[in-house]
Engineer: 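My questions all concern the structure below.
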Number of protein chains: 2
Amino acid sequence: MKPGVSPDTFPPRSHEAKRVSVVDAAASVFCREGYAGANIDLIAAEAGVSRQTVYNHHGDKEKLFVAVVRDLTERCNAGIFATIASFPDQPTDLEADLVAFAVRMNRNCICNRDGRFLRKLIQAEGGRYPELFAEWREQGPGRTWSALAARFARLAFAGHLSIGDPDVAARQFLALVNAELQITFMLGGVPTEEEVLRSATNGVRTFLSAFARKKSPAGKQAALVHA
Amino acid sequence: MKPGVSPDTFPPRSHEAKRVSVVDAAASVFCREGYAGANIDLIAAEAGVSRQTVYNHHGDKEKLFVAVVRDLTERCNAGIFATIASFPDQPTDLEADLVAFAVRMNRNCICNRDGRFLRKLIQAEGGRYPELFAEWREQGPGRTWSALAARFARLAFAGHLSIGDPDVAARQFLALVNAELQITFMLGGVPTEEEVLRSATNGVRTFLSAFARKKSPAGKQAALVHA
DNA sequence: ACAAATTTAGACAGGCTTGTCCAATTCGTC
DNA sequence: GACGAATTGGACAAGCCTGTCTAAATTTGT
């Protein structure tokens, strides 16, 4: 385990671990107390390190804040694109598949620790670091909407939906499945699994009512009405 | 100008005026800097009064903050209900009337100074004053949704829409007409008139596609189904 | 014009926070 | 076991902020 290149022993082992736990604790404290109210001593205590270690690793409060935002942005984007990769391109039950996708999106990206923290930091400090959050906006929501719009366009092309503008549809999809969670988000709360499921179900139903395939053979429409 | 009751001289004339300008300046500073970062000297300067006057009127920082939130809540609610009163109960052009209503809602309640400030304070400090913002939640969004749901139910009853759950429809209406403004709201920006109009138009179109009257006697196919 | 209330500017103590410095200690590696 | 790097705890100066106090100036009502 010692000689040569051992499998899982990196030179800065506990060093890097401390760095991570400082960033994690800082994210939590910055969110709870705001940038001005965040206290380096508290961050250090919550990370289980001394104050001096915080300064050794990150220089000063502002650099630490930037490191926190970059960290959260990166992890959130990774989660979002991983989830979008699971979009139901060949749905068997369109409603059920889209509801499941929306629930995954919420659970893995929007309601989890990173998502809640990043959202709050953007809302609270967005005005003070324009370039930092402009970067997030391009890399995050911008690409999210594009990717999602492409998936919806594909569903429309395959005849499952009737969509005018896929970009608008993608944004409206996200707005609809989160419609009933807005207040909870605003107050910083975490919706229950039931709330997420209900909002997603209601949202997807309305979405499908609006974007259901419209140009279909008359016979099929009649059959649909009968059912 | 001296004897009797002069026309525009209230006993606490400039006194009350100063109180208002202190609250206004405080709202601005609390939003920009956060509660912890807000500086009483800066608030006093921005209000054009001395620091001591701030303390004379409001006691301490926390009481001032509460006064600001109550003030914003009251004004925002008043604006919201005034706007809901202009809901198109007897629409001539349903789409155009709903778009105009959505634009009014955005301009007068959500994007104006009070709306932006209150939203930011709730997001930033909601966790620290649970009872204060719980009160807002009941009086504001709770009653807003109810009132709006009642209006939509009326439209459905009159045969203009086909709605399952009016409460869900009301929340989804608001979510849809704001779908394209979310990011701007998050970053604390003010959307342009064009953006508001576009988001409202796209949102109302999708809303009407989803909730358009389905069982109408107009279509021939529908008549067939009726039989 | 007079008297009362309000406002102002400034000084002030007390507390808290950031960021630095340093000696002692612990940790990882050879 | 020994060496060097990282970490710790604490002291420290400097600055900022809140909230109070005072005496002078201003405004308000009569």
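By convention in this document, chain letters (A, B, ...) are assigned in the order of the sequence lines, proteins followed by strands, and residues within each chain are numbered from 1.
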Engineer: Please determine if Lys61(A) forms a cation-pi arrangement with Tyr35(A), meaning its NZ or CZ atom is less than 6.0 Å from the six-membered ring centre and no more than 45° off the ring axis.
Structural biologist: yes
Engineer: From the set dT7(D), dT7(C), dT18(C), return the single nucleotide nearest to any side-chain atom of Asn56(B).
Structural biologist: dT7(C)
Engineer: Any side-chain N or O of His15(A) below 4.0 angstrom from OP1/OP2 of dC27(C)?
Structural biologist: no
Engineer: What I want to check is whether the side chains of Asn178(A) and Gln182(A) have a donor and an acceptor closer together than 3.5 Å.
Structural biologist: no
Engineer: Does either side chain, that of Glu180(B) or that of Asn202(B), offer a donor lying less than 3.5 Å from an acceptor on the other one?
Structural biologist: yes
Engineer: Send over the distance from His58(B) NE2 to dT6(C) P, rounded to a whole Å.
Structural biologist: 15 Å
Engineer: Please work out if Ala44(B) contacts a base, only the sugar-phosphate, or nothing of the nucleic acid, heavy-atom cut-off 4.0 Å.
Structural biologist: nothing
Engineer: Classify the angle between the aromatic ring planes of Phe211(A) and Phe207(A) as parallel (below 30°), tilted (30 to 60°) or perpendicular (above 60°).
Structural biologist: tilted
Engineer: How would you label the contact of His57(A) with the nucleic acid (heavy atoms, under 4.0 Å): base, sugar-phosphate, or nothing?
Structural biologist: sugar-phosphate
Engineer: Within this structure, what is the CG-to-P distance between Asp41(B) and dG15(D), rounded to whole angstrom?
Structural biologist: 17 Å
Engineer: Identify which nucleotide among dA9(C), dG9(D), dT7(C) has an atom closest to any side-chain atom of Lys18(B), counting heavy atoms from C-beta outward.
Structural biologist: dT7(C)
Engineer: When we call it a touch if two heavy atoms are under 4.0 Å apart, what does Ala36(B) touch: a base, just sugar-phosphate, or nothing?
Structural biologist: nothing
Engineer: Picking from dA9(C), dT8(D), dT18(D), which would you name as closest to the side chain of Lys61(B)?
Structural biologist: dT18(D)
Engineer: Any idea which of dT7(C), dC12(D), dA6(D) is nearest the Ser50(B) side chain?
Structural biologist: dT7(C)
Engineer: Where the side chain of Thr53(B) is defined as all heavy atoms beyond and including C-beta, which of dT8(C), dA11(C), dG19(C) is the nearest nucleotide?
Structural biologist: dT8(C)
Engineer: Can you tell me how far P of dC16(C) sits from CD1 of Ile40(A), to the nearest Å?
Structural biologist: 17 Å
Engineer: How long is the line joining OH of Tyr55(B) and P of dA11(C), in whole Å?
Structural biologist: 17 Å
Engineer: Taking atom C1' of dG19(D) as reference, at what distance in whole Å does atom NZ of Lys63(B) sit?
Structural biologist: 11 Å
Engineer: What's the CZ-P distance between Arg51(B) and dC12(C), to the nearest Å?
Structural biologist: 13 Å
Engineer: Of the options dT8(D), dT18(D), dT8(C), whose atoms approach the side-chain atoms of Asn39(B) most closely?
Structural biologist: dT18(D)
Engineer: Considering only dA6(D), dT8(D), dG19(D), which nucleotide approaches the side chain of Val49(A) most closely?
Structural biologist: dT8(D)
Engineer: Rounded to the nearest angstrom, tell me the gap between atom CD in Glu16(A) and atom C1' in dA6(D).
Structural biologist: 14 Å
Engineer: Test salt bridge (Lys or Arg N to Asp or Glu O under 4.0 Å) on Arg143(B) and Glu138(B); report intermediate values, then the result.
Structural biologist: CA-CA 7 Å; Arg143(B) 293 177 55 202; Glu138(B) 286 171 22; over 6 Å; no
Engineer: Rounded to the Å, how far apart are Asp60(A) CG and dG15(D) P?
Structural biologist: 17 Å
Engineer: Quick check for you: among dC21(D), dC21(C), dG19(D), whose closest atom lies nearest to any side-chain atom of Gln52(B)?
Structural biologist: dC21(D)
